[in-house]
There are 2 protein chains.
Amino acid sequence: MAASIEDVAKLAGVSIATVSRSLRGLPDVAAATRDKVLAAARELDYVASPFAARLASGRSSTIGVVVPFVHRWFFAEVLGAVESVLSQSGFDLLLHNLGSSEGREQFFSILPVRKRVDAVVVVSLALTEDEVEALKSLELPIGVLGAAHPGFFSVRIDDVAAAQTAVEHLVGLGHRRIALIGGDTDDPMRFTPPHHRLTGFRDALISHGITPDESLERLGYFTVEGGEAAMVQLLGLPERPTAVFAESDEMAYGAMRAIRRAGLRVPADIAVIGFDDHQTAGLLDLTTIRQPVAEQGAKLAAMLLASLTNPDSAQPSDVVMETELVVRGSTVASASEYADTTAATS
Amino acid sequence: MAASIEDVAKLAGVSIATVSRSLRGLPDVAAATRDKVLAAARELDYVASPFAARLASGRSSTIGVVVPFVHRWFFAEVLGAVESVLSQSGFDLLLHNLGSSEGREQFFSILPVRKRVDAVVVVSLALTEDEVEALKSLELPIGVLGAAHPGFFSVRIDDVAAAQTAVEHLVGLGHRRIALIGGDTDDPMRFTPPHHRLTGFRDALISHGITPDESLERLGYFTVEGGEAAMVQLLGLPERPTAVFAESDEMAYGAMRAIRRAGLRVPADIAVIGFDDHQTAGLLDLTTIRQPVAEQGAKLAAMLLASLTNPDSAQPSDVVMETELVVRGSTVASASEYADTTAATS
DNA sequence: CTGTTAGCGCCTTCAT
DNA sequence: ATGAAGGCGCTAACAG
């Protein structure tokens with residue numbers, strides 16, 4: 001049987017209260033006493049029972065993290081960053097992978113994090129009002145990655161502006177007939193980026209005197225395969241686009257593949273720009289909008305931890321991180337030298 | 001303040017013991033009583049405090065999952081499958097992402113799962129003796145994915161045989177000068193596959209009268225970039241290989257890219273076979289060894305749950321799942337038709 | 001079938 | 001600076 005706080009107290013010759021104080025580094029413990037306790041604890045290989053501690057204190061030192069799909073690059077990257085921050089602070093991470101709209105419904109109706117976490121991180125979900133209410137009913141600090149909600153902490157990028165930047169890069173290269181390969185804004189899983197990137201795409205066109213043409217907006221479902229299929233459709237148009245903005249690098253990969261399979265050249269015949277700066281974007285020479293992925297997760301986790309540590313500063317804040325246009329060979333032929341250099345040194 | 005079991009008991013007009021029994025679906029409760037309790041619980045929006053339950057029962061309904069890197073495809077896929085099985089059984093999943101050899105050391109010395117999980121799943125780590133001892137000291141059911149250990153549950157594939165199959169496919173096509181792009185068997189993170197796949201590779205060559213040539217064995221570090229760099233080295237050899245076996249599809253992608261950049265053709269000049277059947281392998285027309293990734297994770301989780309539910313059947317078992325050679329255009333030119341079909345329908 | 005009563009192992013006032 | 005003692009909310013015998 002594992003040692004309990006009482007065993008440590010006996011061995012150290014003090015009360016269990018003193019053991020508790022010493023082990024948690026509370027003040028008002030004599031240095032000599034603390035040392036005795038630490039020695040006894042080490043000797044017995046003691047670790048406090050988290051459940052007893054949580055029951056008594058009401059705090060769980062656990063954060064729930066909700067992702068739509070762990071196995072997709074973006075979410076996995078965020079998750080890794082969050083885990084790293086939490087484990088360094090001695091917090092546990094309870095993972096909830098929604099997986100589907102049924103999983104999502106189930107999560108928000110059951111709220112399996114109830115009574116077991118101190119805060120919740122929600123990644124990239126466009127929350128419905130009901131979902132927001134459900135989260136609020138937890139009466140816990142909530143962190144959202146990818147969208148701002150009053151009362152919640154948030155970290156995100158400016159998707160509208162980033163999409164505009166992408167389109168403006170293409171316009172600046174002389175393109176006027178620009179297609180979009182995006183996520184489904186009606187998707188039952190409701191991700192946030194598609195809405196904003198679509199808005200930015202259309203806004204940028206309009207501000208350059210180009211009328212958005214819905215036949216040039218196709219769904220790529222955030223997968224390589226989807227991007228390829230969408231591009232095939234675009235290539236079948238009477239008047240095909242000269243440039244494509246894909247809302248993710250993975251869809252851009254599919255688009256490039258479709259273009260080349262059709263015997264056309266990137267960027268000579270059709271320029272392609274992606275979004276994310278996925279790890280293989282340099283390798284595939286893809287121009288893209290870089291966003292700090294792990295950094296967003298780490299920042300959000302840190303904000304939540306800070307609010308738990310110091311409930312005074314619990315002012316929910318909204319952090320908007322910078323994105324950056326990374327020009328490579330898929331939009332500017334001569335840029336490929338840069339890309340080669342990047343790929344070789346990475 | 002959230003409702004407690006006492007509130008429910010009062011409202012239902014029964015004792016807290018009866019509430020507990022009713023809510024947990026234990027036998028020996030009159031149907032009418034149970035209904036009253038359930039109604040009261042619903043009315044008060046009651047959920048039991050897991051910590052109190054865990055303290056009292058000694059069970060946590062939580063499983064710890066340890067992965068080397070969440071953000072890598074294979075591990076993320078496994079994690080998603082494990083999460084799905086656990087959440088369906090009402091179990092919590094505590095995630096531990098090692099991230100580096102320091103993170104690994106820290107995990108096994110601190111054992112942050114102590115006193116908080118009912119079982120542990122370890123993914124793809126070649127465990128040292130000390131690590132095995134550390135896990136055993138938990139006195140919990142341990143599940144290992146990717147390697148067998150006496151006393152632990154395990155699910156895996158036969159990496160040696162699978163690698164042999166890959167090489168035999170190449171030999172069958174007439175290749176004799178076959179290179180390997182693999183993981184580092186001296187990597188501080190010590191993954192299991194590299195050792196076994198290297199063994200299978202060499203064994204297959206030998207059994208066909210081909211002497212393994214170490215200059216044809218290169219490190220690709222399980223990344224696209226690493227695979228490309230390894231292939232560049234192989235292409236620089238006085239006598240270059242006519243075929244390459246990469247221990248992962250991602251390394252194979254890099255190899256194919258290096259080959260094409262060098263102005264050579266796949267498979268005409270150099271055939272390439274990968275490992276995993278990664279989701280984009282069909283798209284990139286890569287011959288590979290398919291292994292059931294999510295299935296391995298789901299199976300292992302289910303085994304552990306079964307052993308917790310029915311401690312009698314707690315016989316640690318070792319399940320070896322099937323792998324399958326998937327022939328596509330990177331080894332057999334005429335196979336590309338199949339690949340196109342696959343890609344179009346997937 | 002249902003109620004009573006000890007704990008589970010720790011945190012946290014409140015004294016001293 | 002330290003100790004004593006009362007919960008935290010539930011489970012699990014044990015009665016009845």
Side-chain angles (χ1 to χ4, degrees), chain A residues 1-41 44-62 90 92 114-118 308-309 311, chain B residues 1-41 44-62 90 92 114-118 308-309 311:
Chain A
M1 207 46 208
S4 79
I5 195 171
E6 209 161 341
D7 301 324
V8 179
K10 251 174 236 162
L11 182 58
V14 298
S15 72
I16 63 167
T18 299
V19 173
S20 179
R21 293 190 188 101
S22 302
L23 259 26
R24 286 183 297 148
L26 296 187
D28 297 334
V29 177
T33 308
R34 183 189 308 281
D35 290 346
K36 260 193 312 189
V37 172
L38 293 180
L44 296 174
D45 200 27
Y46 171 76
V47 274
S49 157
F51 304 137
R54 289 165 190 188
L55 219 211
S57 72
R59 283 171 265 106
S60 71
S61 292
T62 301
D92 284 342
R114 285 212 286 170
K115 295 193 181 173
R116 64 192 76 195
V117 302
D118 291 340
L308 292 174
T309 308
Chain B
M1 207 46 209
S4 78
I5 196 171
E6 209 161 338
D7 301 325
V8 179
K10 249 174 237 162
L11 181 59
V14 299
S15 73
I16 63 167
T18 299
V19 173
S20 179
R21 291 189 190 102
S22 302
L23 260 26
R24 287 184 295 150
L26 296 187
D28 296 335
V29 177
T33 310
R34 184 190 308 281
D35 290 345
K36 261 193 310 187
V37 172
L38 292 180
L44 297 173
D45 199 26
Y46 170 76
V47 275
S49 158
F51 304 136
R54 290 165 190 188
L55 220 210
S57 72
R59 283 171 266 106
S60 71
S61 292
T62 301
D92 285 341
R114 285 211 287 168
K115 295 193 181 174
R116 64 191 74 194
V117 301
D118 292 341
L308 291 174
T309 308

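Quick caveat: nothing in here was measured; it's all calculated off a predicted structure. So that the names make sense, note that chain A is the first sequence line, chain B the second, and so on, each numbered from 1.
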Worksheet item: Does the side chain of Asp118(B) reach to within under 4.5 Å of the side chain of Thr62(B), using non-hydrogen atoms?
Response: no

Discussion item. Less than 4.0 angstrom between a side-chain N/O of Thr33(A) and OP1 or OP2 of dT2(D), yes or no?
Written reply: yes

Worksheet item: Is it true that a side-chain atom of Ser57(B) and a backbone atom of Ala53(B) form a donor plus acceptor pair closer than 3.5 Å?
Response: yes

Worksheet item: Is Ser15(A) near enough to dG3(D) that one of its side-chain N or O atoms lies under 4.0 angstrom from OP1 or OP2?
Response: yes

Worksheet item: Does a nitrogen or oxygen in the side chain of Ser20(B) sit under 4.0 Å from OP1 or OP2 of dT11(D)?
Response: yes

Worksheet item: Do the side chains of Lys115(B) and Ser49(A) get nearer than 4.5 Å, heavy atoms only?
Response: yes

Response to the item:
Rounded to whole Å, NZ of Lys10(B) lies from P of dG3(C) at a distance of 15 Å

Worksheet item: Expressed in angstrom and rounded to an integer, what is the separation of Leu26(B) atom CG from dG3(C) atom P?
Response: 15 Å

Fill in: Nearest-nucleotide 5' precedence on DNA chain C, Arg59(A) against Thr18(B)
Thr18(B)

Fill in: Length of the line joining Phe51(B):CZ and dC11(C):P, which is rounded to integer Å
14 Å

Fill in: Side-chain N or O of Arg21(A) closer than 4.0 Å to phosphate OP1/OP2 of dT2(D)
no

Practice prompt. For Ile16(B) and for Ser57(B), find the nucleotide of DNA chain C with the closest heavy atom, then tell me which residue's nucleotide is more 5'.
Written response: Ile16(B)

Practice prompt. Tell me what Ala17(A) touches on the nucleic acid: a base, only sugar-phosphate, or nothing, going by heavy atoms under 4.0 Å.
Written response: base

Response to the item:
note: Arg114(A), atom CZ; dG9(D), atom P; distance rounded to Å ~ 15 Å

Fill in: Under-4.0 Å side-chain N/O to phosphate OP1/OP2 contact, Tyr46(A) with dG9(C)
no

Worksheet item: Using a cut-off of 4.0 Å on non-hydrogen atoms, how would the nucleic acid contact of Ala48(B) be classed: base, sugar-phosphate, or nothing?
Response: sugar-phosphate

Fill in: Donor-acceptor pair under 3.5 Å, Arg54(A) side chain vs dG9(C) base
no

Worksheet entry | Spacing of Glu6(A) atom CD relative to dG3(D) atom P, expressed in whole Å | 13 Å

Discussion item. Any side-chain to backbone donor/acceptor pair from Asp7(B) onto Ser4(B)? Under 3.5 Å, distance only.
Written reply: yes

Fill in: Atom pair distance, as rounded to whole Å: CZ in Arg24(A) and P in dT13(C)
10 Å

Worksheet, complete the sentence: Closest to the side chain of Ala30(A), out of dC10(C), dT5(C), dT2(D), is dT2(D)

Discussion item. In whole Å, I'd like the distance from the CG atom of Asp7(A) to the C1' atom of dC10(C).
Written reply: 13 Å

Worksheet entry | Nearest-angstrom distance from the residue atom CG of Leu55(B) to P of dG7(D) | 17 Å

Worksheet entry | Side-chain (Arg34(A)) to main-chain (Leu26(A)) donor-acceptor, under 3.5 angstrom | yes

